[in-house]
Asker: 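Please read through the structure below; I'll follow up with questions.
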2 protein chains.
Amino acid sequence: MVTIRDVAQASGVHVSTVSRTFSAPHLVSAETRNRVLAVAEGLGYRPNRAARALTTGRTHNLGLIVADIANPFFPPLIKAAQAQARERDYHVFVADTDENPLMEQELIETLCKQVDGVLLCSPRLSNRVIERLRAQVPFAVVNRRVKGLPTVLMDVGQGVRAAVEHLAGLGHRRIALLSGPSGSWTSEEMHATATDAAVEAGVDLTVLRPNEPTEQGGLAAAAAVAGSGMTGVLCHNDLVALGLIEGLRGRGLDVPGDLSVIGVDDSLPGRLNRPKLTTITMPTAAAGRMAVDLLLAAVNAGDAGTAALARLETTLIVRESTGPAVPAAPAARLPAGRAVR
Amino acid sequence: MVTIRDVAQASGVHVSTVSRTFSAPHLVSAETRNRVLAVAEGLGYRPNRAARALTTGRTHNLGLIVADIANPFFPPLIKAAQAQARERDYHVFVADTDENPLMEQELIETLCKQVDGVLLCSPRLSNRVIERLRAQVPFAVVNRRVKGLPTVLMDVGQGVRAAVEHLAGLGHRRIALLSGPSGSWTSEEMHATATDAAVEAGVDLTVLRPNEPTEQGGLAAAAAVAGSGMTGVLCHNDLVALGLIEGLRGRGLDVPGDLSVIGVDDSLPGRLNRPKLTTITMPTAAAGRMAVDLLLAAVNAGDAGTAALARLETTLIVRESTGPAVPAAPAARLPAGRAVR
DNA sequence: ATGAAAGCGCTAACAG
DNA sequence: CTGTTAGCGCTTTCAT
């Protein structure tokens, strides 16, 4: 292993000069700097960040904790966060908690010594625990409100409102919300906004909860939806929507012919599905970048700065899984298109 | 920050005793050990891994480098690798190269000082460079053959052979291989095996290459496939297959009615698609676990051990995107089902 | 602008 | 079994 000492020796200067060449180049004469740089290059020298961390207290590492790497919601976020971090000369540890709060806590505690900050994505941990842990290491949070922490929220409410209006506009009078796990900020937000929007649009909303946030959850919910008279369904995410469509199909129901289904995430499976899923985009990549920047800002500000809160817009993308309502029961048949409102 | 020194002071022993309590407990009397442990617990002491690394030379970190986190092939592998690593008390840096070899090299070089080993997944780097870099840090490789390096191969050949036989059995006489980027081990392997298998099965194989390994690549290839007389297509991965199906559909061609399409990966989008994609499973999770274990073995053996090579089996999963061949041209109509062989 | 020296948190011989 | 000491690679005063 080639160290700062080797470089110093080979270029005939003291170690501190080499150190400065890398961490405070302006304090070194151009001539010396170039010589040192050349020698370092030749020797293949790379600063040891761990050793540097020991003196500076800065590891230049970040921790990124997610519930489930394999959930298609996360990869774009991870990718963006990791890219943004590297842009800022940070490396990132990625850890998966398997949706387990204890694992999450354990992870934070073992990771915190090697990172300058931790990014929590849709954490399952209680706010209480997060607030306690926060003494150990700076946090930033995605899709969760924790008092005083830098936060990035993907404002699913906007999209939900648009989705409800879209369904109402297509003549759907009875709609369902297939809610996700309770305790999730996104779930609560969806629930609250959908309830409001339904009242405003004059449609009837039934909340079915909680559902596994997976294809299985959607599949299982098909039983409750089919034959219930509800013709429009807003699902917790694309996976649930896809599962629901599958389950409905198994019961001889067509989407969008018989029912309209909307997902959330704008994930790859939804885009590739037939019918292409009408969905609410979650700006996951932007959230990842943003969160890294807020986290880094918090890290560099110490406890000084006020915690930033970024709300990212979501929008409804209308594709093929929604269409005009077809009354299931002998109800008044409405003209196709915008019947209500 | 609470250090080993604080614990030593508070429990009335010397720092080295505290150190031993954590890194070599058997060298400390039960009584002392318990006292130290209790004090440490009370103070919330956590060993600083970076500092430890400085003396031991072991960081207990691993680097995991992939071409594209958002490609659905990788997340299950990342998840499994990361879980396995944690099981062994290792943390993992995850980095995305954006399919860029230079980025890959740069990443390896900056990461290598903070990790005990690097896991390269489907690397885009040339073997020459990898072999040079290997002096810096131990490697393990997934889906690439590099002389002397611990390797995990997902033996796509088995699946490809089965796929070709499956198509032949369904009466397809002219089949296409939508190959991926050249230089990829998996691509080459698919190419070689498909060629062999086609000869053995007595079918005509046309290789279309190279294609972007994405939905777009498949979509673009639809033009070349439609009306070519080829009725069975084996694609580089599920995404390509899905794109192809989409493109075919746009040209009024039905899958599996008019053509049969097979993917590779058994990814989520393929499972959720209609028709459900016939595909070759890639045991990505197993590969991730395995690769971590081989890497750790290499790390602990120094340069001693012989480089292990693990070949993981792949198998064909027949779902809905393949069916009996329907001769496009006035060829002899064969009985449905297994017509050939 | 550069050198000297101390020290970050921890481990690893070596004594005792 | 425990204390002493030196040092990992690097940064950072403080001198010069």
Side-chain angles (χ1 to χ4, degrees), chain A residues 1-37 39-40 43-61 89 91 109-116 136-137, chain B residues 1-37 39-40 43-61 89 91 109-116 136-137:
Chain A
M1 169 176 285
V2 32
T3 79
I4 208 177
R5 187 122 70 229
D6 302 316
V7 178
Q9 205 146 21
S11 43
V13 296
H14 212 248
V15 287
S16 44
T17 303
V18 179
S19 171
R20 278 188 281 257
T21 309
F22 288 94
S23 43
H26 59 282
L27 294 182
V28 175
S29 75
E31 194 199 355
T32 319
R33 191 189 327 139
N34 290 333
R35 182 155 38 93
V36 170
L37 251 21
V39 171
L43 261 42
Y45 168 76
R46 290 269 169 176
N48 182 328
R49 287 168 160 239
R52 181 180 288 178
L54 210 48
T55 43
T56 60
R58 284 293 157 80
T59 61
H60 266 245
N61 292 151
D89 197 26
H91 290 314
E109 290 180 342
T110 58
L111 229 35
C112 68
K113 282 303 216 317
Q114 336 190 42
V115 301
D116 295 340
Q136 319 247 354
V137 60
Chain B
M1 170 177 284
V2 32
T3 79
I4 207 177
R5 188 122 68 230
D6 302 316
V7 178
Q9 205 145 19
S11 43
V13 294
H14 211 246
V15 288
S16 46
T17 303
V18 178
S19 171
R20 276 188 284 258
T21 310
F22 288 93
S23 43
H26 60 281
L27 293 181
V28 175
S29 76
E31 193 198 356
T32 318
R33 193 192 321 142
N34 290 334
R35 181 155 40 93
V36 170
L37 251 21
V39 170
L43 261 42
Y45 168 76
R46 290 268 170 178
N48 182 329
R49 287 166 160 240
R52 181 179 287 177
L54 210 47
T55 44
T56 60
R58 284 292 157 81
T59 61
H60 265 243
N61 291 151
D89 197 26
H91 290 313
E109 290 180 343
T110 58
L111 229 35
C112 69
K113 283 303 217 316
Q114 337 189 40
V115 301
D116 295 341
Q136 320 246 352
V137 59

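Sequence lines set the chain letters: A, B, ... in the order given, protein chains first and strands last, and positions in each chain run from 1. Because the structure is a prediction, the values reported are computed rather than measured.
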Asker: Rounded to whole Å, please give me the gap between CZ in B:R58 and C1' in C:dA12.
Answerer: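 Roughly 15 Å, once rounded to whole Å.
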Asker: What distance separates B:R49 CZ from A:C112 SG, expressed to the nearest 0.5 Å?
Answerer: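 Answer for the CZ-SG pair, B:R49 versus A:C112, is 11.0 Å.
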Asker: Supply the atom-to-atom distance A:T32 OG1 to A:R20 CZ, rounded to the nearest 0.5 angstrom.
Answerer: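 Interatomic distance, A:T32 OG1 to A:R20 CZ, rounded to 0.5 Å: 10.5 Å.
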Asker: Near DNA chain D, which residues from residues 12-31 of chain B have a heavy atom under 4.0 Å away?
Answerer: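 Residues of residues 12-31 of chain B that come under 4.0 Å of DNA chain D are, in numerical order, B:V13, B:H14, B:S16, B:T17, B:R20, B:L27, B:V28, B:S29.
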Asker: Rounded to whole Å, how long is the line connecting atom CZ of B:R5 with atom C1' of C:dC10?
Answerer: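 Between C1' of C:dC10 and CZ of B:R5: 10 Å.
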Asker: What is the bend of the helix from C:dA1-D:dT16 to C:dG16-D:dC1 when you compare the axis at one end with the axis at the other, using five pairs each and rounding to 10°?
Answerer: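 For the helix from C:dA1-D:dT16 to C:dG16-D:dC1, the axes at either end differ by 30°.
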Asker: Could you give the CZ-to-C1' distance, from B:R49 to C:dC10, as a whole number of Å?
Answerer: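 It works out to 14 Å between those atoms.
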Asker: B:D6 CG to C:dG9 P: how many Å, rounded?
Answerer: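 From B:D6 CG to C:dG9 P: 8 Å.
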Asker: Say whether, by atom type as modelled, one donor and one acceptor occur between the side chain of B:T3 and the main chain of B:R5 under 3.5 angstrom.
Answerer: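 Yes.
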Asker: When A:T21 is tested against each of A:V39, A:V36, A:L27 for side chain to side chain contact (heavy atoms under 4.5 Å, CB included), which residue passes?
Answerer: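 Single pass found, and it is A:V36.
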Asker: Could you check B:T55 against B:R33 and say which one's nearest nucleotide on DNA chain D is further toward the 5' end?
Answerer: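 Looking at the nearest nucleotide for each, B:R33 comes out on the 5' side.
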Asker: Can you check the A:I4 CD1 to C:dG7 C1' distance for me, whole Å?
Answerer: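 Between C1' of C:dG7 and CD1 of A:I4: 15 Å.
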Asker: On DNA chain D, which is the earliest and which the latest nucleotide, 5' to 3', with an atom closer than 4.0 Å to a heavy atom of chain A?
Answerer: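 Result: D:dC8 to D:dT13.
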Asker: Just by modelled atom types, is the B:V28 backbone N or O under 3.5 Å from a matching donor or acceptor in the B:R33 side chain?
Answerer: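 Yes, B:R33 side chain to B:V28 backbone: donor-acceptor pair under 3.5 Å.
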Asker: I'd like to know if the side chain of B:T56 and the backbone of B:R58 have a donor-acceptor N/O pair within less than 3.5 Å.
Answerer: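 At least one qualifying donor-acceptor pair exists.
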Asker: Find the distance between OG1 (B:T110) and CG (A:D89) and round it off to the nearest 0.5 Å.
Answerer: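 One finds 8.0 Å between OG1 of B:T110 and CG of A:D89.
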Asker: CG/B:L54 to CG/B:N48 distance, rounded to the nearest 0.5 angstrom?
Answerer: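 Interatomic distance, B:L54 CG to B:N48 CG, rounded to 0.5 Å: 9.5 Å.
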Asker: Taking atom NE2 of B:H91 and atom OG1 of B:T59, what is their separation to the nearest 0.5 Å?
Answerer: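 Those atoms lie 10.5 Å apart.
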Asker: Does B:S19 use its side chain to pair, donor to acceptor, with the backbone of B:V15 at less than 3.5 Å?
Answerer: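 It does not hold such a pair.
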Asker: Roughly, in whole Å, what's the span from CE in B:M1 to C1' in C:dC8?
Answerer: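 One finds 10 Å between C1' of C:dC8 and CE of B:M1, rounded.
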Asker: Measure the spacing between NZ of B:K113 and CD of B:Q136 and express it to the nearest 0.5 Å.
Answerer: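 Reported to 0.5 Å precision, the distance equals 7.0 Å.
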